[in-house]
Structure formats: structure tokens, C-alpha cells
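Whatever order the structure lists them in is the order used to number ligands and atoms, beginning at 1. Any value given below was found using the heavy atoms of this structure, including those in side chains, with hydrogens, waters and symmetry copies removed.
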Amino acid sequence: MKLSAFGKKFTRHSGILSLMDDLGNAMANDSDMIMMGGGNPAHIPEVETAFKERLQRILDSQCEFTRLIGTYDPPQGEKGFISELARFLNRHYGWGISERNIALTNGSQAAFFMIFNMFAGHYDNHQCKRIQLPLAPEYIGYADSGVKDDFFIANKPDIEHIDSHIFKYHVDFNHLTIDESTGALCVSRPTNPTGNVLTDHEIEHLDALAARHDIPLIIDNAYGAPFPSLIFTEARLNWNENTILCLSLSKLGLPATRTGIVIASEQIINALSGMNAIMNLAPNSFGSLLALDMVRDDSIRPLCQNVIRPYYEEKAKFAIHCLKRHMTGIPWRIHKPEGSMFLWLWFKDLPVSSLALYEALKARGVLVVSGHYFFPGITDGWQHKYECLRITFTQDSTSVDKGISIIAKEVRKLYGM
Ligand code: PLP
């Protein structure tokens, strides 16, 4: 059977597929494996209780139950949730948006597919544009989302060494080239995989550059405020007509409901609604109906700020404590943990590639993610790409401690210590 170019592109083995398969198989084959590789949110009892209670209220009302399972929403998404969310965002951020500035998608992953392909690829004048990632490392999930190849261009960061073990990436504006071939800028903030939170100044600078070149600035806020608020530092959340802000209910605790949220100009929301209609008729409304009351009465804010954020912040602190305890003598560094659910480890001049280290750790019962996956758009053999690991710190303390001690032993051996 012959496949079209589209068919071939999306059935060949993508990075994200091989990564997800590998993680899934390793877990299925070995239940003792310590999982420090995935991006699943933690199952926090208070959060699950809040959603359980809401679900019970829905089940208790025939009308709400029918709304939950028995209606196609408009292609833009569940109307009640969209209008409550617009009010919520205006109440807390004063953006002056309306329902016409919000669309829902089946997970934010699907939103990125639609948005990226709207701005990169072939244009009427036969020009070909790409998505610019101003700071790599960046989220692996973007990597294969273009309907054509050669879809991203990315910039290496400036590296600030904060102390002997902590560093922070910054956008290297001196080498950021935006020209006719740039379709849009995109950053995740907090960043998956590094936990970096681009500074307000960096975001303002990117926003000004995007406006000057008449291209949108896409901000992936999957871990940011107002939900799930996995952000351990001060950062302003701004929006304007040139920003495409993407949120998600996944990291709040609802990944299975597949709910992505896009806040953008009416023109972009109309375009996304049209694409939703073609691809899905309507987006899933399960997550938005579960979260509706919390957005209406603002209780989503204390849930995030007093339960979810402290939960992850404590986990991050514990993982750093384990690193300090187990890694003595090793030249280890981590990116300053400012948000998300990951630590980004950098072993400078590691004698093997991070992929070989990943394999060795898998054989010893610890699953991490090799850092080289997170450089879409960096095509040269930059050594740094192969010196880093992403570890997820959401497991229980015993597993995190054991996992980090095994990583330390393996790395020590590799350095010949
Ligand atoms: N953006 C980032 C930075 C992510 O880490 C993820 C998932 O891990 C997504 C987007 C996609 O999330 P979802 O499709 O569940 O909304």
C-alpha cells in the first residue's frame, strides 16, 4: 500500500512515539522500575477529591449529566466554560477578553499541531516559513508536529552559572535571527524539560520582536499560572492580541480528559474552531465541565496555590537534597528549578552520550529521559545536547532517593571515579 507524503510523515517513527513507547514498555515489563521519565501529573488526593465531588454533583443532576455525555459542543468548545474562563481571566488579569478570544482543543498537544501548521510551511507566494524556538532545549512534543519536514529553527541559550551546581538558560538575543522565513515564535514557560521560567524581561523582548515582525508569539503555559501554577518564582502572565497563550487542564490533574485552552485574537480562535470542526466536530467537554465550578467561584486558585504548587515544590526540594547527598565529587549541575515537574541534569564532558547513560540506567532499573531529544531545530552536533538528562521528581521519596543514588553510582563509574 502506498502512502501520501502526509501518510508517510506521520507513520514513520517519531521521536515522541519512540520515547513514549520505550517508557511504556519498560514500565510494563518491569514493575520494579523507578519511573523518573514521564510527564504524568501526580495523583494528589485533595485534587482528586475536588474532581470526584464535582463529578458526583454532575451525576446527581439529570440536566448536567446529559450535558456531560450527550451533547456535541460548538467547534470552539463548551460555551459555559469558555464564558466563565473569560470572566475569570478578566477578573484576575484585566485582559479585557471575551468568549471570542478562547477556543478549546483536545489537549494542548493538538492545539500546537494546529497552530504551528497555521504559521509554518508553504505560503501563497511559495515562501516557506518555520517556527522559531528562541531557546532550546525545548519541549520534545513539538518536534514532529509539522506536516512538512524542516519545520523548526532553534537558538542555543546563553548559560548563566549561578553557583557551582546551579545554572540558568537565557535567550541569546544577540544570535536570535527573525526574518521573512520566520512564521511564529514559541516558548514553553515554565519550560519542559528544564523547569526554566523565562524572565518577564525576556518575554517582553520576544513580544516586541514578534510585534515588529508581524508574527505571533506562542506561549505554552501548560505548567504555568493560573493553573496548574507549577511555578516557584515570580513571573507576570501577560496577553495581547499578538500572543497565542496555550493552557491545559492536564497538569492540574486531568490529563485523561484531553483539554487544551487557547487564548488568542478572534481571527485565530475562528481558525482553530474551523480546524476543530474538520478534525473533531467538537472538542471534548469532559474536562471543562469538571473544572467549570472551580473557575466560576475562583476555588481553582487556592487549589493550585495552596495544594498543587507546594506539593511539587516540596518534591523538587527533596530531589535536590538527594542530588546533593548522592552526587558528592561528581561534576553535576542542574538548571535552576523555577517550575514544572522536572529537574534538568547536566554532566559536563560526560564520557558517553546521554542516550547511552539512559540505556545503562534503564538496565539498572531507573527510567529517565535522555536530554538529546529536547533540541528540535538544533541540527549541529552540539556536545551539550548529549550531556543532559531530564528526571521527573513526582514519585514517592523512597523511589526518588533510590533513583538518584543509582544515577550517581552510574555517572561516577562513567567519569572513572
Ligand atoms: N506543553 C508542554 C510543555 C508539555 O509538557 C505537555 C505535556 O506534557 C503539553 C504541552 C501537552 O499537554 P496536553 O496535550 O496534555 O495538554
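- Atoms of ligand 1 lying under 4.0 Å from any heavy atom of N192, numbered from 1 in the order shown and given with element: 3 (C), 4 (C), 5 (O).
- Residue contacts with ligand 1: S108 is placed with a nitrogen or oxygen under 3.5 Å of a nitrogen or oxygen of the ligand (distance criterion only).
- Within the 4.5 Å cutoff, the side chain of N238 has no heavy atoms near those of the I203 side chain.
- At least one side-chain heavy atom of V187 sits less than 4.5 Å from a side-chain heavy atom of E138.
- One finds a salt bridge joining E338 and K168 here, because a Lys/Arg side-chain nitrogen approaches an Asp/Glu carboxylate oxygen to under 4.0 Å.
- Annotation: atom 3 (C) of ligand 1 to nearest protein heavy atom, D220 OD2, 3.3 Å.
- Tested against Y142 for a ring pair (Phe, Tyr, Trp, His ring centres under 6.0 Å), the candidates F116, F151, F375 yield a single pass: F116.
- For a threshold of 3.5 Å applied to N or O pairs, the pair formed by S188 and ligand 1 contains no separation below that value.
- Counting atoms of ligand 1 from 1 in the listed order, those under 4.0 Å from a heavy atom of G107 are 14 (O), 16 (O).
- Under the ring pair (Phe, Tyr, Trp, His ring centres under 6.0 Å) test applied with H335, the options F374, F167, F342, W346 reduce to a single match, F167.
- Polar contact check, T259 against ligand 1: no nitrogen or oxygen pair lies under 3.5 Å apart.
- The shortest contact between atom 8 (O) of ligand 1 and any protein heavy atom is with K251 NZ, 2.8 Å.
- Near S250, with a cut-off below 4.0 Å to any heavy atom, the atoms of ligand 1 are 13 (P), 15 (O), 16 (O).
- Heavy-atom contacts of R258 reach the following atoms of ligand 1: 13 (P), 14 (O), 15 (O) (cutoff under 4.0 Å).
- The side-chain contact (heavy atoms from CB on, under 4.5 Å) test with Y169 is passed by exactly one of T191, N196, D158: N196.
- Salt bridge absent: E202 and R189 never bring a charged side-chain N and a carboxylate O closer than 4.0 Å.
- Ligand 1 lies nowhere less than 4.0 angstrom from a heavy atom belonging to G39.
- By the 4.0 Å N-to-carboxylate-O rule, D150 lies close enough to R130 to be salt-bridged with it.
- Protein heavy atom nearest atom 9 (C) of ligand 1, with residue, atom name and distance: Y139 OH, 3.4 Å.
- Listed by number with element, the atoms of ligand 1 under 4.0 angstrom from any heavy atom of S248 are 13 (P), 16 (O).
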